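Step one of this worksheet: look at the structure below.
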There are 2 protein chains.
Amino acid sequence: MASLAEENYLKLIYHLSGSGAEEVSTNALAEQTQTRAASVTDMLRKLADKNLVHYKKYQGVRLTPEGQEVALQVIRRHRLWEVFMVEKLGFRWDEVHPIAEELEHIASAELINRLDAFLDFPVSDPHGDPIPTAAGTMPSPEYEKLCEVTAGQRVTMMGVSEHAASFLQFLSKAGLIPGSIVSVLEINDFDRSMILKINESAPSFVSYEVARNILIKFSV
Amino acid sequence: MASLAEENYLKLIYHLSGSGAEEVSTNALAEQTQTRAASVTDMLRKLADKNLVHYKKYQGVRLTPEGQEVALQVIRRHRLWEVFMVEKLGFRWDEVHPIAEELEHIASAELINRLDAFLDFPVSDPHGDPIPTAAGTMPSPEYEKLCEVTAGQRVTMMGVSEHAASFLQFLSKAGLIPGSIVSVLEINDFDRSMILKINESAPSFVSYEVARNILIKFSV
DNA sequence: ATAAAAATTTAGGCTTGTCTAAATTTTTAT
DNA sequence: ATAAAAATTTAGACAAGCCTAAATTTTTAT
Ligand SMILES: [Mn+2]
Ligand SMILES: [Mn+2]
Ligand SMILES: [Mn+2]
Ligand SMILES: [Mn+2]
């Protein structure tokens, strides 16, 4: 039904709107799609004609329920393929995103549901992002940012909010991957950098910029 | 490099040319692609400009070495995904072709080579068709047609030369799948139909039309 | 050897998704 | 409250892939 380009726009609108909460601007979409604002305007009109977005000229855009459903399906496919590539094919978590960008457009529901079962119904992808259900709902686990943890606390690494390959590679090297147990040994007041103990290995240093992009939950 | 449409043309030219042996006509391509001859002509000019086919007006088309390499890659991807769907996801062999038509266009070589390893380097797909190597060569096992077997002989079912879902479903019901051991009990001279014993089950009847599309090798 | 038939190509056009340049609307700053 | 700046839309264009209708070339049948 929705073309590849349309699916990409819908997915992007979902992400940029904060899961559908706010309006998304034409320029924000143009920046992320690597296209020009004029091209975005054209597409928004088409999506509005198909009832996939609410769009009023100059007023930004948001997903309709139909548009959100398409977006969530695409995100579900993307994240399941990422799990497949990491868990079954042995890819690293910093390698899979660009390939998932292509695989996410293979539409067969039968394929995706069987893949889901084959992977044992994972609830999150290799980066800790939740996987929408077949029924089209997005689980929203409540994680904190590592930068908000106080010294002396022990937390579990749950995911990232920044997906750049270089960032992910840095985290792997530090042993900071989902599931890692992290104790905050020390926080430097001046720049909010942290010294962490990760899974019983030697203490390591992370900047505020890094800590801000790590999602954690407090260990019970 | 090659677009999705281009990949489909190249793959089709490969198949219709008998693995590159003969020239393919515009009309033959138009019929299979469900497009008009005029559209095929347009595409052939584009493919010729990119040095993927040899094309002379009114004289038909054949693949260049470059074109053949692309075609074999696409066929390799198609067949590996079919193995994946049947072996890992539990699809039936009559269900996977349309989905593989989409998956075959995901280009990542890394993905395909890892998938190949994950599947234990299969040499043929669920229909018995050989899988081109990563290096771009097509294995060509030499199979006979079941219709050429004489009464009393015992053979192994190796594949099919007709891929229609209805045909594949019929074969499954009869237990005629790759690997089955088949003894030809009787051949009816009049219509060349056969009575077979398949894997020790009760004798079953197949028409010449069916036997003609089953590939076998003689058991050693 | 020719005329009819079949195959193929050319000409002109359409849709999707993109572009640049120009016009318009909204926002921001005085 | 305006004027400048920023954001957005409109206008006109283009490539990819497809279409129909008409022209051309090749093949087949007399
Ligand atoms: Mn991703
Ligand atoms: Mn995409
Ligand atoms: Mn197939
Ligand atoms: Mn295809």
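Just so it is clear: chains get the letters A, B, ... in the order the sequence lines come, proteins before strands, and each one is counted from 1. Everything quoted here is computed from the prediction, not taken from an experiment.
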(message) Below the 4.0 Å mark, does D:dA6 have OP1 or OP2 next to a side-chain nitrogen or oxygen of A:Asn27?
(response) no

(message) Could you check whether A:Lys46 makes a cation-pi contact with A:Tyr55, meaning its NZ or CZ is under 6.0 Å from the centre of the six-membered ring and within 45° of the ring axis?
(response) no

(message) Side-chain N or O of A:Tyr9 versus OP1/OP2 of C:dT16: is the shortest distance under 4.0 Å?
(response) no

(request) Using atom CE of B:Met43 as one end and atom C1' of D:dA15 as the other, report the distance to the nearest whole Å. (result) 12 Å

(message) Ring centroids only, cut at 6.0 angstrom: are A:Phe91 and A:Phe84 within range, meaning strictly under it?
(response) no

(message) Nearest to the A:Tyr58 side chain among D:dT26, C:dG17, D:dT8, which nucleotide is it?
(response) D:dT8

(message) The criterion is ring pair (Phe, Tyr, Trp, His ring centres under 6.0 Å); which residues satisfy it with B:His97, sequence neighbours excluded?
(response) B:His78

(message) What is the separation between atom CG on A:Leu12 and atom C1' on C:dG17, rounded to the nearest whole Å?
(response) 16 Å

(message) One pair to check against salt bridge (Lys or Arg N to Asp or Glu O under 4.0 Å): A:Glu209 and A:Arg192. What are the steps and the verdict?
(response) CA-CA 9 Å; A:Glu209 184 59 19; A:Arg192 293 191 281 184; over 6 Å; no

(request) Identify all stems in which DNA chain C takes part, counting only runs of at least 3 consecutive pairs (Watson-Crick or G-U wobble, each distance under 3.5 Å), and give each as one range with another, ordered by first number. (result) C:1-30 with D:1-30

(request) Let me know the distance between CG of B:Asp49 and P of D:dA16, rounded to the nearest Å. (result) 10 Å

(message) Please check: side-chain N/O of B:Arg76 versus main-chain N/O of B:Gly136, any donor-acceptor pairing under 3.5 Å?
(response) no

(message) A:Lys11 vs A:Glu7, test: salt bridge (Lys or Arg N to Asp or Glu O under 4.0 Å). Steps then yes/no.
(response) CA-CA 6 Å; A:Lys11 182 181 60 151; A:Glu7 286 189 346; over 6 Å; no

(request) Could you check how far CG of B:Leu44 sits from P of C:dT9, rounded to whole Å? (result) 7 Å

(request) State whether a side-chain donor-acceptor pair under 3.5 Å links A:Ser161 with A:Asn213. (result) yes

(request) Using only side-chain N and O atoms of A:Thr26, determine if any of them is under 4.0 Å from OP1 or OP2 of D:dT9. (result) yes

(message) Under a plain distance cut-off of 3.5 Å, with no hydrogens placed, do A:His163 and A:Asp129 share a side-chain donor-acceptor pair?
(response) yes

(request) To the nearest Å, give me how far apart CD (A:Gln59) and C1' (C:dT27) are. (result) 12 Å

(message) Just to be sure I understand the geometry, which residues of residues 31-39 of chain B put a non-hydrogen atom under 4.0 Å away from DNA chain D?
(response) B:Gln34, B:Thr35, B:Arg36, B:Ala38, B:Ser39

(message) C:dT9, OP1 or OP2 - any side-chain N/O from B:Tyr55 closer than 4.0 Å?
(response) yes

(request) Would you mind telling me which of C:dT10, D:dG17, C:dT18 lies closest to the side-chain atoms of B:Glu6? (result) D:dG17

(request) For atom CD of A:Gln32, decide whether the heavy atoms of other residues, nucleotides or ligands shown that lie under 6.0 angstrom number more than 12. (result) yes

(message) Please determine whether the number of non-hydrogen atoms from other residues, nucleotides or ligands lying under 6.0 Å from atom CD of A:Glu23 exceeds 12.
(response) yes

(request) Please state how far atom CG in B:Leu4 lies from atom P in C:dT16, giving the value in whole angstrom units. (result) 17 Å

(message) Taking only side-chain N and O atoms of A:Ser25, does any of them lie within less than 4.0 angstrom of OP1 or OP2 on D:dA7?
(response) no

(request) Could you check how far CG of A:Asp42 sits from P of D:dT9, rounded to whole Å? (result) 10 Å

(request) Ignoring the backbone of B:Lys46, work out which of C:dT18, D:dG17, D:dT8 is nearest its side chain. (result) D:dG17

(request) For B:Arg45 and C:dT10, give me the distance from atom CZ to atom P, rounded to whole Å. (result) 7 Å

(message) For C:dT26 and A:Lys57 - does any side-chain N or O of the residue sit under 4.0 Å from the phosphate oxygens OP1/OP2?
(response) no

